[in-house]
Visitor: 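For reference, the structure I am asking about is given below.
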Number of protein chains: 2
Amino acid sequence: MTPPRRRADATENRSRIIEAAQALITRQDELRLNEVAKRAGVGQGTLYRHFPTREDLLAEVYRHDVDELVVAAPTLLAEHKPFEALALWFRRVADYARVKRGVFSAVTSGVQRDLSGHSLGPIGDALQTLLAAGKADGTIRSDVDVRDVILLIGFLSHIEEAEADERAHHVLELILDGLRRRADDS
Amino acid sequence: MTPPRRRADATENRSRIIEAAQALITRQDELRLNEVAKRAGVGQGTLYRHFPTREDLLAEVYRHDVDELVVAAPTLLAEHKPFEALALWFRRVADYARVKRGVFSAVTSGVQRDLSGHSLGPIGDALQTLLAAGKADGTIRSDVDVRDVILLIGFLSHIEEAEADERAHHVLELILDGLRRRADDS
DNA sequence: ACCTGAACACCGTTCAAGT
DNA sequence: ACCTGAACACCGTTCAAGT
């Protein structure tokens, strides 16, 4: 019962594909799959063998970044009050969205896919933790859920880098104000 | 100096193209330009002659709908308090977005294009009127501008029809709460 | 002045042949 | 078991030839 070992060349090809995709996506927004294969030095079929869909590839490309956001949630909660932790987490998401335009789409489409599978997924769970803490201490409205927030911060995928610099934080403030629980709420 | 009259067949073709595009877009999200030309019974070149870009065509397809939204703003303001007028206008935008998925993209991309030309455009002006009224009577934060609001309601273009039914109004409420001016604001 | 539609470009995706 | 790359499909866009 030895584990079905992957052939060495397959592992190597997989890494090369991811690296090529990363290199290409940082210099422009669109990602041409044939270009990825060419740069990685593999046939197009090899790309499809490793990553059946474009999303599979992008998920892998942004894996580390998404992980960092996921890990940040409990860390922030340990060091700040819930509402402040959420605000700081938003800020972090905005920073990622500014530099790596695709992270955010990967995050949201990931959440969407996971939602249909009756699971929140890693990012959804992280956000859920933040929201629950804020509801528990009465600083966040009780009628807000993860999907609401994902939809609201989706504006980050609509703006260019320059506009994000001057406007993203402000719009996030407006959103936070909408999520805040008021004295007269039930 | 008679106006340079358009040839009758050109006018006719233009109408047929718009009608074909409307018919096709109501039955599915994407719009294939060659398909539009085929259904309209014109050559592809004719389509490009009348509508150099895809956006030009879409703007024309949704022209009536956008006009209705523009006209609604002053009407609502005449009959309701500013904040309520804004809430009702949001509701109307959401209703359009639900049925005609593309209206909203046309609206936002229109605003974006107009913004770069240092003008708000028709929809931007309508929204500007609503915001100004709310700021004047102290119900809307003074640090909010048209672009902020357009970005916030952009979530409408991310959701499917079923989800819009159960969630759009709620998320719009959250946004309105974020735009509302508080007692302690400066 | 306007129209037609063949043709080109571009990119995603598949699959027969190979190792 | 995995890889290659020719080939096909699809769609946007152009342009020479026509009326």
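Within every chain, numbering begins at 1; the chains are lettered A, B, ... in the order of the sequence lines, protein sequences first and strands thereafter.
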Visitor: Send over the distance from Asp56(B) CG to dG12(D) P, rounded to a whole Å.
Guide: 15 Å

Visitor: Salt bridge (Lys or Arg N to Asp or Glu O under 4.0 Å) with Asp67(B): which residues, sequence neighbours excluded?
Guide: none

Visitor: Donor-acceptor pairs are to be reported for all side-chain atoms of residues 120-137 of chain B against protein atoms at under 3.5 Å, with residues two or more places apart or in another chain.
Guide:
unit_1, atom_1, unit_2, atom_2, d
Thr129(B), OG1, Asp125(B), O, 2.8
Lys135(B), NZ, Val144(B), O, 2.6
Asp137(B), OD1, Thr139(B), N, 3.1
Asp137(B), OD1, Thr139(B), OG1, 2.6

Visitor: Looking at every non-hydrogen atom in both residues, tell me the closest pair between Leu156(A) and Ala168(A) and how far apart they are.
Guide: CD2-CB, 4.0 Å

Visitor: Would you indicate, yes or no, if dC3(D) has its OP1 or OP2 atom less than 4.0 angstrom from a side-chain nitrogen or oxygen of His50(A)?
Guide: yes

Visitor: Base, sugar-phosphate or nothing for Arg54(B)? Non-hydrogen atoms, less than 4.0 Å.
Guide: sugar-phosphate

Visitor: Nearest 0.5 Å, what's the CD-CG distance between Glu160(A) and Asp165(A)?
Guide: 11.5 Å

Visitor: Answer yes when Arg180(A) and Asp177(A) have at least one side-chain N-carboxylate O distance shorter than 4.0 Å, and no when they do not.
Guide: yes

Visitor: Could you measure the distance from the OH atom of Tyr62(A) to the CD atom of Gln22(A)? Nearest 0.5 Å is fine.
Guide: 9.0 Å

Visitor: For residues 27-50 of chain A, run the donor-acceptor check on the side chains, cut-off 3.5 Å, and write out each pair with its distance to 0.1 Å, sequence neighbours left out.
Guide:
unit_1, atom_1, unit_2, atom_2, d
Arg32(A), NE, Glu35(A), OE1, 3.1

Visitor: Counting only heavy atoms and a strict 4.0 angstrom limit, can you tell me which residues of residues 8-24 of chain A come near DNA chain C?
Guide: none

Visitor: Which pairs would a plain distance check flag for residues 70-94 of chain A, meaning a side-chain donor or acceptor within less than 3.5 Å of a matching protein atom at least two apart in sequence or in another chain?
Guide:
unit_1, atom_1, unit_2, atom_2, d
Thr75(A), OG1, Val71(A), O, 3.1
His80(A), ND1, Leu76(A), O, 3.3
Trp89(A), NE1, Leu69(A), O, 2.9

Visitor: If you round to the nearest 0.5 Å, how far is CG of Leu152(B) from CG of Leu151(A)?
Guide: 12.0 Å

Visitor: Check side chain to side chain contact (heavy atoms under 4.5 Å, CB included) between Asp9(A) and all other residues, then give those that pass, not counting sequence neighbours.
Guide: Arg7(A)

Visitor: Do any of residues 29-44 of chain A sit with a heavy atom less than 4.0 Å from DNA chain C, and if so which?
Guide: Leu31(A), Arg32(A), Leu33(A), Asn34(A), Gln44(A)

Visitor: Taking only residues two or more places apart in sequence, or in another chain, which ones meet Asp145(B) in a salt bridge (Lys or Arg N to Asp or Glu O under 4.0 Å)?
Guide: Arg167(A)

Visitor: Which atom pairs link the protein and nucleotides 16-19 of chain C when you take only N or O atoms and keep those under 3.5 Å?
Guide:
none

Visitor: Please give the stem ranges for DNA chain C, sorted by first residue number, where a stem is three or more consecutive Watson-Crick or G-U pairs and both donor-acceptor distances are under 3.5 Å.
Guide: C:4-8 with D:12-16, C:12-16 with D:4-8

Visitor: Going by side chain to side chain contact (heavy atoms under 4.5 Å, CB included), name the residues that satisfy it together with Ser157(B), two or more places apart in sequence or in a different chain.
Guide: His158(A), Phe104(B), Ser105(B)

Visitor: Going by the rule salt bridge (Lys or Arg N to Asp or Glu O under 4.0 Å), which residues pair with Arg16(B) if we only count those two or more places apart in sequence or in a different chain?
Guide: Glu12(B)

